Every structure is written in C-alpha cells, then in structure tokens.
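Notes follow once the structure below has been shown.
Since the model is a prediction, treat every value here as computed from it, not as a measurement.
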Amino acid sequence: MPELPEVETTRRGLAPYLAEATVTGVITRTPRLRWPIPENLNELLNGQPVVSLTRRAKYLLLEFSHGTLILHLGMSGSLRILPAGTAPQTHDHFDLLLDNGCLMRLRDPRRFGAVLWHEGNINTHPLLAKLGPEPLNDDHCGFHAHYLYQATRNRRVAIKQFIMDNAIVVGVGNIYASEALFGAGINPLIKAETLSFAQCEKLADVIRSTLNEAILAGGSTLRDFVNASGNPGYFQQQHWVYGRAGEPCRVCSSPVVQIKQGQRSSFYCSLCQK
DNA sequence: TTTATAACCTGAACGC
DNA sequence: TGCGTTCAGGTTATAA
C-alpha cells in the first residue's frame with residue numbers, strides 16, 4: 001500500500017506507541033525480505049529505549065542511542081501496533097516487542113520490504129546517501145521550481161519517470177506521479193528537458209499539494225493502525241486519472257488513457273495534458 | 001553519465 | 001473447479 005503519504009500516515013500512527021517505549025525483544029519469523037534481516041537485532045535492541053521515529057523518503061527510521069533501525073514497506077508492507085501476544089498470521093515476518101504492552105508488527109506478502117540496522121550517521125547509509133530532496137520540506141534548499149527546472153535540463157527521459165527518480169525528488173510513487181502530472185496539465189510522455197520554467201513551477205507545486213492532501217486523507221484513518229483491520233485512507237481517495245482507464249476525465253470527459261512507461265502503468269487525459 | 005530492462009516475491013483477478 | 005496469464009502501491013542491479 002505504501003506511497004509516501006501512506007508511509008507518513010504510518011509514521012504518525014506508530015509514533016505515539018513508540019515514543020518513550022523500550023524494546024523488550026525482537027522476533028524475526030522470515031529473515032529474508034528484500035535483504036536479510038540482521039541476525040543480531042535482538043541483542044542490539046533488547047532493553048534499548050526508542051529515541052524517535054522519523055521518515056526519510058519512504059524509509060521509516062527508528063532511532064536508538066547507538067544506531068537506527070531502517071524499515072521499508074516495499075510494495076505490500078504494513079506496520080501495525082497490536083496488543084502483546086497477538087498471534088501472527090501469514091506474512092507477519094517481524095515483531096518489535098515493547099515494554100508498554102504493545103508490539104509493532106511488519107506484514108509484507110511480497111517481501112519487497114526491508115528491516116536493516118545502521119550505526120553512525122544515517123544519511124551515510126548507501127540506501128539513503130543519494131536521495132534527492134523531500135518534496136514536503138519547507139526549506140529553501142529543497143524541492144522548488146528553480147531546482148526542478150535545473151534538474152530537468154539535458155534530461156531526455158519522460159517526465160513521469162523523471163519525477164519518480166529518487167535521486168531527483170523522493171516519495172513520488174506510481175499513483176501520485178500520474179495524479180500530479182494531471183494536476184499540472186503535463187503529458188507524462190514528454191521529455192523532462194522540454195518543460196518550461198512555468199511548467200516546473202506548476203509541477204513542483206502540484207506534487208507538494210497532491211502529497212499533502214493524500215496525507216490529510218490518510219490521517220483520518222489513523223485508528224486503523226491500532227486495531228488489526230488496517231484500511232489506509234489510500235483506498236478512499238478519489239483519483240483524477242490513476243486506475244481510471246477508459247473512464248471519462250473528471251474535467252473534460254474525454255476517456256482516460258492507460259499506457260506503459262518503464263513497465264509501470266501511467267494514466268492521463270490526452271486533452272487536459274499537453 | 002543516462003537510459004532501459006530484469007529481477008526480487010506473492011496473491012488477486014481474469015479468461016479459457 | 002482448475003490452470004495459465006497478467007497485473008500490482010518499490011527499488012536495486014545490470015546492461016546497453
């Protein structure tokens with residue numbers, strides 16, 4: 001389920017249960033996810049208090065005084081807070097036991113997710129070192145029109161694949177890439193370098209607002225992280241084009257087109273997006 | 001350096 | 001009912 005809004009919604013749902021909690025154990029049922037889960041996690045974490053839970057791109061970072069537990073949900077992962085002793089089900093690969101009567105459980109049918117350990121500056125980890133700016137950070141050196149305009153120069157790849165490149169900007173997944181390009185009125189097939197400054201301005205703006213709105217929608221279901229039903233706000237959202245092939249565009253009624261770009265589906269309106 | 005493709009893995013939906 | 005095919009929200013590794 002996770003695009004960036006879902007990961008951020010997960011973080012906000014988990015944070016109250018992890019803050020001021022101390023780890024009392026680690027259970028690894030399936031050691032092989034995207035990469036092997038470190039074998040010595042129990043020794044590393046047992047008795048350690050959680051310092052903070054933050055997010056970088058789609059990585060959740062559970063910080064301890066001596067290192068960071070890196071969590072990634074892949075394509076199908078979810079994290080939930082459950083009462084201690086809750087029986088695991090299929091695909092429940094990893095538990096973090098806490099001293100407050102709860103456990104944090106990772107379920108991931110496709111096993112594209114990750115549980116990793118890193119000591120030292122987290123930004124030097126190979127998976128995080130080359131990430132581009134956060135789209136939602138409000139700082140001047142982050143993701144803004146000037147940055148996007150410069151980054152697109154001499155890049156001939158299609159703009160949709162370009163904005164999904166984590167080295168350019170993090171957190172834009174397949175759904176929100178299509179949605180943001182619709183919002184900006186930009187055809188997903190055009191080469192990145194052909195965007196005008198005004199188009200970059202619009203696109204950067206729409207990426208931010210699209211993700212923000214999705215986080216707000218996801219936030220309404222935070223309680224789902226406490227019980228076992230888990231039903232992120234994601235499914236409740238109305239998409240402009242994603243998943244609507246052949247249906248009428250919500251603006252001009254012309255049928256939404258579905259194509260393949262880099263082996264991923266893209267959806268767009270050929271009239272609204274030039 | 002940039003771009004394109006294959007790979008990791010399981011399950012749901014669909015057509016025959 | 002059963003089998004084969006296709007598709008799915010991510011990301012890295014490898015090849016061209």
Side-chain angles (χ1 to χ4, degrees), chain A residues 1-11 29-37 55-60 70-79 88-94 106-116 125-132 135 150-182 188-194 207 210-211 213-215 217-218 221 224 230-246 258-267:
Chain A
M1 56 198 75
E3 286 215 30
L4 183 131
E6 288 70 39
V7 178
E8 176 60 21
T9 299
T10 296
R11 190 194 69 76
R29 298 186 192 81
T30 313
R32 299 205 71 81
L33 302 181
R34 182 81 158 79
W35 297 280
I37 297 177
R55 178 186 60 73
R56 174 73 173 109
K58 292 172 188 164
Y59 296 96
L60 288 168
I70 303 173
L71 299 162
H72 196 288
L73 301 177
M75 289 270 251
S76 58
S78 61
L79 285 166
Q89 297 180 21
T90 314
H91 307 307
D92 285 345
H93 305 310
F94 176 84
L106 172 69
R107 175 176 299 178
D108 185 7
R110 289 177 73 180
R111 289 196 272 134
F112 288 167
V115 178
L116 299 167
H125 190 280
L127 291 173
L128 280 75
K130 292 176 181 171
L131 292 175
Q150 287 305 322
T152 49
R153 298 309 91 183
N154 300 316
R155 294 295 300 270
R156 270 161 262 184
V157 69
I159 186 62
K160 195 245 186 178
Q161 286 157 284
F162 184 81
I163 59 173
M164 289 179 69
D165 182 348
N166 276 338
I168 302 302
V169 59
V170 302
V172 182
N174 199 43
I175 292 179
Y176 296 115
S178 280
E179 292 295 291
L181 286 168
F182 178 85
L189 286 161
I190 68 169
K191 293 177 176 18
E193 64 179 0
T194 65
I207 285 174
T210 302
L211 294 174
E213 286 165 21
I215 289 172
T221 62
D224 290 325
N231 185 23
Y234 184 91
F235 291 104
Q236 298 161 16
Q237 279 188 258
Q238 263 215 340
H239 298 308
W240 290 98
V241 286
Y242 184 85
R244 300 189 61 244
Q258 177 174 7
I259 57 170
K260 283 273 182 191
Q261 289 182 281
Q263 310 189 321
R264 308 297 299 276
S265 285
S266 297
F267 299 84

- Check the distance between B/dT3's C1' and A/Glu193's CD and give it to me in whole angstrom. 13 Å
- Under 3.5 Å, side chain of A/His72 to main-chain N/O of A/Val115, donor-acceptor pair present? no
- Message: Less than 4.0 angstrom between a side-chain N/O of A/His72 and OP1 or OP2 of C/dT11, yes or no?
- Response: yes
- Go through the structure and list residues passing salt bridge (charged side-chain N to carboxylate O under 4.0 Å, His left out) with A/Arg29, not counting sequence neighbours. A/Asp95
- Task: Let me know the distance between CZ of A/Arg55 and P of C/dG10, rounded to the nearest Å.
- Result: 14 Å
- Side chain proximity check, A/Leu71 to A/Leu79, heavy atoms < 4.5 angstrom: yes
- Message: Between P on C/dG10 and CG on A/Asp165, what's the gap in Å once rounded to a whole number?
- Response: 14 Å
- Query: Is there a donor-acceptor contact under 3.5 Å from the side chain of A/Arg244 to the main chain of A/Trp240?
  - Reply: yes
- Item | Nucleotide nearest A/Lys58 when distance is taken to its side chain, options C/dA8, B/dA4, C/dG10 | C/dG10
- Is a side-chain donor or acceptor of A/Gln261 paired with a backbone partner of A/Pro188 at a separation under 3.5 angstrom? yes
- Task: Grab the CD-C1' distance between A/Glu3 and C/dG10 for me, whole Å please.
- Result: 9 Å
- Item | Gap between atoms CZ and C1', on A/Arg155 and B/dT1 respectively (whole Å) | 9 Å
- Task: Give DNA chain B the dot-bracket treatment, 5' to 3': Watson-Crick (N1-N3 with N6-O4 or O6-N4) or G-U (N1-O2, O6-N3) under 3.5 Å, [ ] crossing, | other strand.
- Result: .|||||||.|||||||
- Take the protein atom CD of A/Gln258 and the nucleotide atom C1' of C/dT6, then report the distance between them rounded to whole Å. 12 Å
- Kindly write out the residues that satisfy salt bridge (charged side-chain N to carboxylate O under 4.0 Å, His left out) with A/Arg110, not counting sequence neighbours, or none if the list is empty. none
Can you tabulate the close N/O pairs, meaning under 3.5 Å, that link protein atoms to atoms of nucleotides 12-16 of chain C?
| residue | atom | partner | partner atom | Å |
| --- | --- | --- | --- | --- |
| C/dT12 | O4' | A/Arg34 | NH2 | 2.5 |

- Donor-acceptor contact below 3.5 Å, side chain A/His239 vs main chain A/Val241: no
- Tell me whether the OP1 or OP2 atom of B/dA6 has a side-chain N or O from A/Gln263 closer than 4.0 Å. yes
- Flag if over 12 foreign heavy atoms under 6.0 Å of CZ, A/Arg32: no
- Does A/Gln258 use its side chain to pair, donor to acceptor, with the backbone of A/Gly246 at less than 3.5 Å? no
What's touching nucleotides 9-13 of chain B from the protein side, N or O pairs under 3.5 Å?
| residue | atom | partner | partner atom | Å |
| --- | --- | --- | --- | --- |
| B/dC9 | O3' | A/Arg111 | NH2 | 2.9 |
| B/dC9 | O2 | A/Arg110 | NE | 3.1 |
| B/dT10 | OP1 | A/Arg111 | NH2 | 2.5 |
| B/dT10 | O4' | A/Pro109 | O | 3.4 |
| B/dT10 | O3' | A/His91 | NE2 | 3.4 |
| B/dG11 | OP1 | A/His91 | NE2 | 2.6 |

- Message: Given 3.5 Å as the limit, does a donor-acceptor pair link the side chain of A/Asp92 with the main chain of A/Gln89, or not?
- Response: yes
- Message: Does a side-chain N or O of A/Lys260 approach OP1 or OP2 of B/dA4 to a distance below 4.0 Å, or not?
- Response: no
- Between C/dA8 (C1') and A/His239 (NE2): distance, integer Å: 13 Å
- Task: For A/Arg55, check salt bridge (charged side-chain N to carboxylate O under 4.0 Å, His left out) against everything at least two apart and list the hits.
- Result: A/Glu8, A/Glu134
- Message: Applying a 4.0 Å non-hydrogen cut-off, can you work out what A/Lys130 is touching in the nucleic acid: base, sugar-phosphate, or nothing?
- Response: nothing
- Identified side chain to side chain contact (heavy atoms under 4.5 Å, CB included) counterpart of A/Ile163 within the set A/Ile168, A/Thr152, A/Leu181: A/Leu181
- Name the nucleic acid region contacted by A/Arg264, choosing base, sugar-phosphate or nothing; use a 4.0 angstrom heavy-atom cut-off, strictly under. base
- Take atom P in B/dC9 and the same atom in C/dT14, then report the distance between them in whole Å. 15 Å
- Message: In whole Å, I'd like the distance from the CD atom of A/Gln161 to the C1' atom of C/dG10.
- Response: 14 Å
